[in-house]
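See structure below.
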Amino acid sequence: MKKQWWHNKVAYQIYPKSFYDSNGDGIGDLKGITGKLPYLKDLGVDIIWLSPVYVSPLADQGYDIADYKAIDPRFGTMEDMDELLEKAHSLGLYILMDLVINHCSDEHEWFRKACEDPDGRYGKFFYIRDADKEGGKLPTNWRSYFGGSVWEKLPGHDDKYYLHVFHKKQPDLNWENPDLREEVYRMINWWLDRGLDGFRLDAIINIKKAIPFRDYTPDRDDGLTSIDNMLADATGIGEFLSEMRNKTFRPHDSFTVGEVFNEKPEELPDFIGENGYFSSMYDFSENIFGRDLAGWHAYTDITPDDYKNCVFATQKKVSNVGFISNIIENHDEPRGVSRYLPEAGRHDTGKKLLATVYFLLHGLPWIYQGQELGMENIPVSSIDEVDDISSIDSYNVALDAGLSSSEAIKVVEKYSRDNARTPFQWDDSENAGFTTGMPWLRINPNYKKLNLKAQKDDPESVFNYYKKLIELRKNSKYSDTLVYGTFKPWLNDMHNIMAYLRETEAQTLLIAANFQESEQEISLPSRIREIVLNNIPDFIRSEKGMILQGWQAVVLELE
Ligand code: GLC
Ligand code: CA
């Protein structure tokens, strides 16, 4: 594999609205991030992705952009952004922004002009279709990701509809139009020329629609069909993605990571191989495990064995092709520790175990803000406390399916995007030290105990364990193996054991974890040379190899 500058790095996602508020308005901001860069430097991360901070009505928390070349005043100014970039670069940190180009906001100038003149230049930037005059039938039966039809009346035109696969305030951009594509590339280059180091590509798989548009078999009583059915039918996304890469990212040697769901297996080398469209893309296999078209209420819980199978399947198909991005959570998912650890393992030892097994996989490890403290899901008592639009839709879907409101609340509690969006817990003072004002979203009540201040000087804290993992991946003694070593499952059939080898010619490391309360004996492929990391104080050798205690995780160098 050809070595790239970012292979041995560690990446971190910031959700700006909830990271740190510098001016007491209850909303995290760019100055807040800049002030905390030394914290991130000390943690040991290198690449930082900022969720959107562009001008936006925040209908979908900034994933609805009204001006790609300006910062929303709630987050700061362009000067603040320049300062952030400068400070980051002086610390050796790299900054990525979120590239949301499947859609823009209905308040973007392009869309406003499209409404004024649907047949003009900007009308062609979107997917606008005439209404069916006689039958009143919508152009297609696709269901938007946030519920309801993807078609909405074009403001000012009773006889026309526009397409939005997400919220109605997020009209889809028409990538079939070269004029639109060139506008987008100009905008990307404008940012890269300012010194930005790259992008995370939002919802990118959606830019290619199956054309001509047609109906698919309905999959719920609403008569609509999941967008997935249309996407499975769409071919040729590579033409757009390679054009974009050639005209923007490649000439800048920038880092890109794609939010890619549902890629076809044969597409992997095209996406992240040596000549791929992106540097990397996320592994969502564990996130999508147990999904059901009926809605969140029909999802199946994931067990440790399922988790292992998902992750290992990805490792097997990807590790020879390129670098996958490994995560346990992001701003769209519940907290990883609340999801992938069985209830009995939701304590510091369990949190360290989960950190160990995902962080040392082949690929690029990512940490989502607060994950390094072991932040958890937040309890929900009423739907009125919920901010996330997809939670509100899923709540209603659950009620329609016959769940009681308290059952539906439990569903929301488990999967809500609010779980990861609650403010960062800096200390035990009011509002967890996030703001001196009224936080835009409620703080997790566990902040009194679970916060950075309480963990910083405690050598046994989850925070200091994450620091150790980061140091380990960067330690010259192990980094070649942890970055480039092959991946091989070990004891794959053992229940509640997740173990794998990372190997180079010069070195073999074993990562092994016991996802249960009671101990289990494991065999080792060869003798132990060194105990590199252990999430508990004890280490018990046995004739066959070693005894893993409940929730123990170890990293061993073998002979
Ligand atoms: C991505 C984002 C999510 C957003 C959606 C629409 O999935 O991560 O937060 O709602 O795209 O832009
Ligand atoms: Ca603020």
Side-chain angles (χ1 to χ4, degrees), residues 13-36 49-54 56-66 68 71-77 80 84 96-106 108 144-147 150 163-173 199-207 227-228 231 257-262 281-282 284 287-288 291 325 327 329-334 366 368 387-394 415-421 423-424 431 433-441:
Q13 180 188 353
I14 290 185
Y15 196 68
K17 205 173 180 187
S18 299
F19 192 57
Y20 186 73
D21 173 21
S22 71
N23 62 353
D25 65 357
I27 297 178
D29 44 52
L30 293 177
K31 273 197 186 317
I33 297 171
T34 305
K36 296 292 183 186
W49 152 32
L50 309 181
S51 275
V53 289
Y54 313 90
S56 164
L58 304 190
D60 184 23
Q61 295 304 355
Y63 285 91
D64 46 323
I65 298 173
Y68 287 96
I71 302 295
D72 194 280
R74 282 163 285 197
F75 294 122
T77 62
D80 295 341
L84 191 160
L96 315 177
M97 287 178 85
D98 215 314
L99 193 57
V100 189
I101 48 179
N102 173 68
H103 45 268
C104 60
S105 163
D106 65 340
H108 193 288
S144 91
Y145 287 106
F146 296 144
V150 296
L163 175 80
H164 62 91
V165 303
F166 289 93
H167 193 264
K168 65 179 182 207
K169 286 187 69 64
Q170 296 168 300
D172 280 56
L173 292 167
F199 289 101
R200 173 259 189 183
L201 287 94
D202 182 72
I204 195 69
I205 212 78
N206 294 277
I207 65 172
I227 287 290
D228 291 350
L231 291 179
V257 55
E259 187 198 24
V260 178
F261 285 96
N262 307 338
M281 62 191 243
Y282 293 102
F284 290 121
N287 175 41
I288 59 181
R291 281 200 185 180
S325 278
I327 58 171
E329 62 198 44
N330 65 24
H331 67 293
D332 293 329
E333 299 180 15
W366 287 72
Y368 174 74
D387 172 81
D388 165 31
I389 47 181
S390 66
S391 298
I392 295 165
D393 174 57
S394 298
Y415 296 109
S416 176
R417 303 195 298 178
D418 284 353
N419 282 313
R421 299 178 180 186
F424 191 100
N431 297 321
F434 160 69
T435 179
T436 53
M438 171 74 178
W440 75 275
L441 185 66

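Both counts, for ligands and for their atoms, begin at 1 and track the order of listing.
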Inset, instruction - Answer yes or no for E333: is there a heavy-atom contact with ligand 1 below 4.0 Å? - result: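 False for this residue.
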Inset, instruction - Check whether any heavy atom of F146 sits under 4.0 Å from an atom of ligand 1. - result: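 Per 4.0 Å heavy-atom rule, F146 contacts ligand 1.
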Polar side-chain atom of [X] near backbone of [Y] as donor-acceptor pair, under 3.5 Å:
X    : Y    : result
S390 : F146 : no
N431 : F434 : no
R74  : S56  : yes
Q170 : Y63  : yes
D29  : G76  : no
D418 : D388 : yes
Y68  : V100 : yes
T435 : M438 : no
Y368 : A420 : yes
D21  : G24  : yes

Side chain, backbone, both or neither: which part of [X] has a heavy atom under 4.0 Å from ligand 1?
X    : answer
H167 : neither
Q61  : neither
R421 : side chain

May I ask you to identify the nearest protein heavy atom to [atom], giving residue, atom name and distance to one decimal place in Å?
atom                   : result
atom 5 (C) of ligand 1 : F166 CE2, 3.6 Å
atom 4 (C) of ligand 1 : D60 OD2, 3.3 Å
atom 7 (O) of ligand 1 : E259 OE2, 2.8 Å
atom 2 (C) of ligand 1 : D202 OD1, 3.0 Å
atom 9 (O) of ligand 1 : D332 OD1, 2.7 Å

Legend entry - Salt-bridge criterion met for D72 and K17 (N-O under 4.0 Å):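 Looking at D72 and K17, the cut-off is not met.
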Could you tell me which atoms of ligand 1, counted from 1 in the order shown, lie closer than 4.0 angstrom to a heavy atom of [X]?
X    : value
H103 : 6 (C), 12 (O)
H331 : 2 (C), 3 (C), 8 (O), 9 (O)
R200 : 2 (C), 8 (O)
R417 : 3 (C), 4 (C), 9 (O), 10 (O)

Legend entry - Intermediate values then yes/no, salt bridge (charged side-chain N to carboxylate O under 4.0 Å, His left out), D332 and R421: CA-CA 8 Å; D332 293 329; R421 299 178 180 186; 3.2 Å; yes
Inset, instruction - Mind telling me whether F284 and F261 have parallel, tilted or perpendicular rings, with 30° and 60° as the class edges? - result: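 Answer is parallel, since the angle falls under 30°.
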Legend entry - Atoms named by residue and atom, protein N, O or S, within reach of the Ca ion (ligand 2) (under 3.0 Å):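 D21 OD1, N23 OD1, D25 OD1, I27 O, D29 OD2, with waters left out.
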